[in-house]
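What follows is a single structure, written as structure tokens, with notes after it.
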Amino acid sequence: MIDLRQLRDDPEAVRASQRARGEDESAVDRVLAADVARRASIAEFERLRAEQKSRGKAVAAAKGEEKQALLAAVKELSEQVKAAQAESDARGAEFDEELRRIPNVVLDGVPPGGEDDYVVVREVGRVPELPEGLDAWRDHLDLGELLGAIDVERGTKVSGSRFYFLTGVGALLELALLNMAVARATAAGFTPMITPTLVKPEVMAGTGFLGAHASEIYHLAEDDLYLTGTSEVALAGYHSDEILDLSNGPKRYAGWSACYRREAGSYGKDTRGIIRVHQFHKVEMFSYCRAEDAAAEHQRLLAFEEEMLAAVEVPYRVIDTAAGDLGSSAARKFDCEAWVPSQGRYRELTSTSNCTTFQARRLSIRERVPAADGSQQTTTRPVATLNGTLATTRWLVAILENHQQADGSVRVPEALRPFLGLDVLTPVA
RNA sequence: GGAGGUGUCGCCUAGUGGCCUAUGGCGCCCGCCUGCUAAGCGGGUUGGGGGCUCAAACCCCCUCGCGGGUUCAAAUCCCGCCACCUCCGCCA
């Protein structure tokens with residue numbers, strides 16, 4: 001959730017953010033009104049409660065008839081306290097609901113508008129030439145079938161549309177890619193993690209995934225658990241309700257997990273191959289850092305993503321996502337999109353979001369800092385959280401297609417060879 | 001899945017309806033004392049929220065695993081849930 005103090009002090013900034021996202025500005029005023037009502041009800045409850053407590057002491061001290069008289073007097077007060085408390089709870093819940101409805105305030109510089117209003121930050125690498133002897137690029141599924149690497153038909157037979165098997169070198173290639181990602185992250189100081197992929201509702205809600213896009217998420221009704229679409233969810237929950245010590249720098253984790261997405265509402269899109277699937281694997285970076293360090297950390301995560309893309313030798317571009325295309329938790333997002341030769345366009349391979357203090361505030365993740373007055377007192381404040389993709393199953397698409405050769409074989413990028421143990425993938429008979 | 005037990009502040013712990021505004025110890029922080037260190041002495045040490053403030057000081061409310069209930073009053077009594085421990089059963 002957003003910072004209530006900021007909302008009170010500068011509601012116009014939040015309205016501007018809502019406009020940039022194409023969202024409802026009046027939500028800001030509803031929160032402010034709910035806040036006023038909430039505080040008034042708290043004051044009333046606390047006044048009555050304080051009176052009840054002090055009168056209660058007199059009851060405890062009294063004896064006999066005097067006590068009976070006091071009891072009668074205080075009984076009615078008890079009812080008033082109960083009513084005031086119920087009122088206060090109700091106003092508090094209303095306020096909370098309104099506040100949680102507001103997505104993170106976008107950062108300065110984020111392009112306003114929707115999905116197509118992104119800004120290209122840079123393009124890196126040269127788009128490959130069609131190998132001599134080919135009339136057209138083979139797409140990743142053709143290649144995957146030639147190489148005995150991808151079996152979509154049987155994936156569908158076993159689990160339905162958007163499921164697949166990675167077979168033989170396909171399975172090995174994915175493991176190699178993900179292992180390389182974990183190795184690089186570990187070398188860079190990230191703590192490798194294998195995370196739960198089923199989480200409680202409060203964790204899913206805390207990361208901001210249960211808002212407008214709740215229909216994207218698998219829910220196990222029997223157990224009231226959610227299947228995560230990324231290890232970001234579990235990694236954000238990891239330190240929930242904790243007070244962190246960030247005096248030695250950010251806490252950085254690299255989560256390896258299966259990821260599950262319903263892909264509701266994407267019927268007909270990317271139906272071929274493994275570009276858009278219900279289940280895949282991912283290595284995800286996740287950082288907890290101080291709020292003032294978040295922008296720099298965001299650039300760092302982006303740099304790690306770009307190094308990873310360079311290591312697999314695929315051309316890509318970096319885009320600064322428009323406000324309307326940000327998730328509710330993100331204040332800024334950069335996507336790296338790799339060139340996909342068969343489609344003649346760039347497709348998203350990584351996404352790094354700066355969630356500032358939005359998730360931490362919901363999940364109650366704080367750090368201890370000196371009080372503002374410079375005394376020896378300390379206080380707590382929410383930290384910033386950031387996430388970014390280091391590798392996913394989808395990367396196989398870009399790797400296979402960009403490194404394909406005329407005979408259907410695929411050159412293995414240099415950096416991946418130690419992890420795969422092969423220089424080239426060759427078609428099976 | 002069944003039976004029993006436990007859950008109090010960073011850790012350990014006292015606490016059986018109202019002098020609990022939660023005890024004591026350890027650890028930690030500040031100060032005093034002291035050739036240095038150790039010891040000793042004194043003070044501080046959960047978190048959240050509301051009021052008043054430019055901001056503090058200060059005042060108040062909530063917080064004894066979580067949520068309900070009983071009561072004028074709940075750490076304490078009752079109900080539900082969760083986590084952990086012991087045992088039984090089942091299982092990849």
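Treat the numbers as computed from the prediction; the structure is a model and nothing was measured. Chain letters run A, B, ... following the sequence lines, proteins first, then strands; residues in each count from 1.
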Query - Spacing of A:Asp241 atom CG relative to B:A83 atom P, expressed in whole Å - result: 16 Å
**Report entry** Whole-Å distance separating the CD1 atom of A:Ile365 from the P atom of B:G48
**Finding:** 14 Å
Query raised in the report: Which is true for A:Ser364 with a 4.0 Å heavy-atom rule: it touches a base, it touches only sugar-phosphate, or it touches nothing?
Result: nothing
Report task. Return the set of residues passing side chain to side chain contact (heavy atoms under 4.5 Å, CB included) with A:Arg411 (not counting sequence neighbours), or none when no residue passes. Result -> A:Glu313, A:His403, A:Gln405, A:Arg417
Query - Partner residues of A:Phe165 under the ring-ring contact (aromatic ring centres under 6.0 Å, His included) criterion, sequence neighbours left out - result: none
Report task. Return the value, rounded to whole Å, for the distance between atom CG of A:Leu48 and atom P of B:C60. Result -> 16 Å
Query raised in the report: Across the strands shown, which category fits A:Glu76 at heavy-atom distances under 4.0 angstrom: base, sugar-phosphate, nothing?
Result: nothing
Query raised in the report: Relative to the 5' end of RNA chain B, which residue comes earlier, A:Lys200 or A:Asp35, by the nucleotide with the nearest heavy atom?
Result: A:Asp35
Query - Interatomic distance where CZ belongs to A:Arg39 and C1' belongs to B:C52 [whole Å] - result: 13 Å
Requested in this report: Return the set of residues passing ring-ring contact (aromatic ring centres under 6.0 Å, His included) with A:Phe163 (not counting sequence neighbours), or none when no residue passes.
Outcome: A:His278
Query raised in the report: Reading nucleotides 62-67 of chain B 5' to 3', which nucleotides get B (base under 4.0 Å from a protein heavy atom), which S (sugar-phosphate only), which -?
Result: S-----
Report task. Classify the side-chain pair A:Ser41/A:Glu87 by whether it contains a donor and acceptor separated by less than 3.5 Å. Result -> no
Requested in this report: Could you tell me which residues satisfy side chain to side chain contact (heavy atoms under 4.5 Å, CB included) with A:Ala188, sequence neighbours excluded, listed by chain and number?
Outcome: A:Phe190, A:Phe304
Report task. With sequence neighbours excluded, tell me which residues meet ring-ring contact (aromatic ring centres under 6.0 Å, His included) with A:Phe95. Result -> none
Query raised in the report: What nucleic acid atoms does A:Arg47 come within less than 4.0 Å of, heavy atoms only: base, sugar-phosphate, or nothing?
Result: nothing
